[in-house]
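Below is one structure, written out as structure tokens, with a few remarks after it.
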Amino acid sequence: MTRFRPCIDLHSGQVKQIVGGTLSLNSADLKTNHVSTLPAAHFAKLYRDHELSGGHVIMLGPGNDEVAMEALSAWPGRLQVGGGINAENAKLWIERGAEKVIVTSYLFPDARFSQARLNTLLVDGLGGDLSKLVIDLSCRRQRDTWVVAMNKWQILTDMEVTRDTIKLLEEFCSEFLIHAADNEGLQRGIDEELVGKLGQWCKKPVTYAGGAKSIEDFEKVKKMSGERVDLTIGSALDIFGGEAIQFSDCVAWNNRHGA
């Protein structure tokens, strides 16, 4: 069943909603939709109070560890954390209260997929417990395919998001997180084709993020994915300064569908 998955995006120690394609080393390029005056822990408590499990805390660059830990402490063992995760710190973040860790860039040294690094992360970092690992295959559209993007979605890797890719990686993780980076933060609609493909290809849980602009997008994702893909909403949500979607409606969706 398609359900709402909440998020907490952190940038420079604050909860922000950012146009995903503008993240880079040059701060002048950054386009921000919203900067919250509330701390990350506030949103973690909000999700806890409404029993919205499976949400993700994403650290976009340095300066976010402390606020991420505060969020995890507000709801221990129920939030996933990503951003800078590697074989050396994965266990630490689980100990800090993350339910699961989310990884992308570490798996792609020099923008090339490394099976050896995935094995090391899973075995040395997580003791072989694949239930603790989420693989983030956030991607950018390249003609008729999607290419995994790393380092704030600025660098394209050698991996395409395909049926074969999903089949390969499903053996090593418990679920997937996939941002359509070209849609992220724009509120121009979801990548319907990608959502449909994920529904066909993924046997394990998968969460899509990017471009949601109305509560009707839940019904779209449900239909296109055969109820196999969950949806994250950011910039359009009222708790993040948006006007298109009410947080209460997302909670109601989950409640109505037994999520």
Side-chain angles (χ1 to χ4, degrees), residues 1 3-17 35-107 120-136 138 172-179 204-209 230-234 237 239-240 247-248 250-255 257-259:
M1 171 55 65
R3 63 177 174 134
F4 168 61
R5 296 273 201 123
C7 65
I8 303 173
D9 293 344
L10 302 174
H11 183 263
S12 299
Q14 295 178 290
V15 176
K16 296 183 182 180
Q17 285 298 311
V35 179
S36 179
T37 59
L38 299 169
H42 164 83
F43 296 98
K45 293 174 184 176
L46 181 66
Y47 303 155
R48 178 198 65 196
D49 293 346
H50 291 281
E51 299 181 352
L52 296 171
S53 60
H56 50 268
V57 179
I58 302 296
M59 299 178 287
L60 299 168
N64 295 305
D65 283 24
E66 183 175 343
V67 288
M69 286 188 286
E70 291 172 359
L72 297 177
S73 296
W75 202 14
R78 300 304 294 276
L79 293 168
Q80 305 168 5
V81 66
I85 301 299
N86 55 47
E88 287 69 45
N89 63 20
K91 181 180 178 181
L92 175 62
W93 280 105
I94 296 296
E95 293 172 346
R96 287 171 170 173
E99 176 189 17
K100 305 180 182 188
V101 291
I102 305 167
V103 64
T104 306
S105 296
Y106 174 74
L107 302 181
T120 299
L121 173 64
L122 186 57
V123 176
D124 296 346
L126 296 173
D129 188 356
L130 61 81
S131 72
K132 297 295 185 184
L133 181 60
V134 179
I135 294 180
D136 184 338
S138 295
F172 301 94
C173 67
S174 61
E175 60 182 276
F176 294 102
L177 171 63
I178 299 182
H179 292 80
K204 291 192 174 180
V206 55
T207 299
Y208 168 90
D230 293 338
L231 178 62
T232 287
I233 300 172
L237 209 55
I239 61 172
F240 297 129
F247 174 76
S248 59
C250 297
V251 174
W253 169 273
N254 277 12
N255 291 339
H257 295 85

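If you read the sequence from its start, that first residue is 1, and numbering goes on from there.
Counting heavy-atom neighbours within 6.0 Å of E95 CD, excluding the residue itself, gives a total above 12. Heavy-atom contacts from other residues, nucleotides or ligands closer than 6.0 Å to NZ of K91 number 12 or fewer. Within a 6.0 Å sphere centred on CD of E88, heavy atoms belonging to other residues, nucleotides or ligands number more than 12.
Salt bridge annotation for D230-R3: present, with a cationic side-chain nitrogen under 4.0 angstrom from a carboxylate oxygen.
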Query raised in the report: Passes side-chain contact (heavy atoms from CB on, under 4.5 Å), S138 versus T104? Steps please.
Result: CA-CA 8 Å; S138 295; T104 306; 5.5 Å; no
**Report entry** Residue pair F172, L130: steps toward the side-chain contact (heavy atoms from CB on, under 4.5 Å) verdict
**Finding:** CA-CA 6 Å; F172 301 94; L130 61 81; 5.9 Å; no
Requested in this report: Quick one: do F240 and V15 satisfy side-chain contact (heavy atoms from CB on, under 4.5 Å)? Show the steps, please.
Outcome: CA-CA 9 Å; F240 297 129; V15 176; 3.9 Å; yes
Report task. Test V57 against W93 for side-chain contact (heavy atoms from CB on, under 4.5 Å), laying out the working first. Result -> CA-CA 11 Å; V57 179; W93 280 105; over 6 Å; no
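Under the 30°/60° scheme for interplanar angles, the aromatic rings of H56 and H179 are found to stand perpendicular.
At least one side-chain heavy atom of L177 sits under 4.5 Å from a side-chain heavy atom of I58. Between N89 and Y106, every side-chain heavy-atom pair lies at or beyond the 4.5 Å cut-off. In this structure the side chain of H42 reaches within 4.5 angstrom of the side chain of P39, judged on heavy atoms.
Between D136 atom CG and I85 atom CD1 the span is 11.0 Å, to the nearest 0.5 Å. C250 contributes atom SG, which lies 14.0 Å from atom CZ of R5 (distance to the nearest 0.5 angstrom). Rounding to the nearest 0.5 Å gives a distance of 9.0 Å between SG of C173 and NZ of K100. Interatomic distance, K204 NZ to E175 CD, rounded to the nearest 0.5 Å: 10.0 Å. Here the straight-line distance linking atom OG1 of T232 with atom OH of Y208 works out to 10.5 Å at 0.5 Å rounding. Here NE2 of H11 is found 13.5 Å from CE of M59. Values are rounded to the nearest 0.5 Å.
A side-chain donor-acceptor contact under 3.5 Å links S174 to the backbone of L133. Counting only distance, with no hydrogens or angles, the side chain of R96 and the backbone of M69 share no donor-acceptor pair below 3.5 Å.
Scanning all heavy atoms of the two residues, the minimum distance from V67 to G13 falls at CG1-O, 3.6 Å. Between A74 and A41 the shortest heavy-atom distance is CB-O, 3.9 Å. Shown here for S53 and P6, the closest heavy-atom pair between the two residues is O-CD, 4.3 Å. Listed here is the closest heavy atom pair of C7 and I233: SG-O, 3.9 Å. Shown here for L126 and A90, the closest heavy-atom pair between the two residues is CD2-CB, 3.9 Å. Contact detail for I135 and L107: the closest heavy-atom pair is CG2-CD1, 4.3 Å.
The side chain to side chain contact (heavy atoms under 4.5 Å, CB included) test with K16 is passed by exactly one of I8, L10, V35: V35. For the side chain to side chain contact (heavy atoms under 4.5 Å, CB included) with F43, the lone residue among D9, L38, L79 that qualifies is L38.
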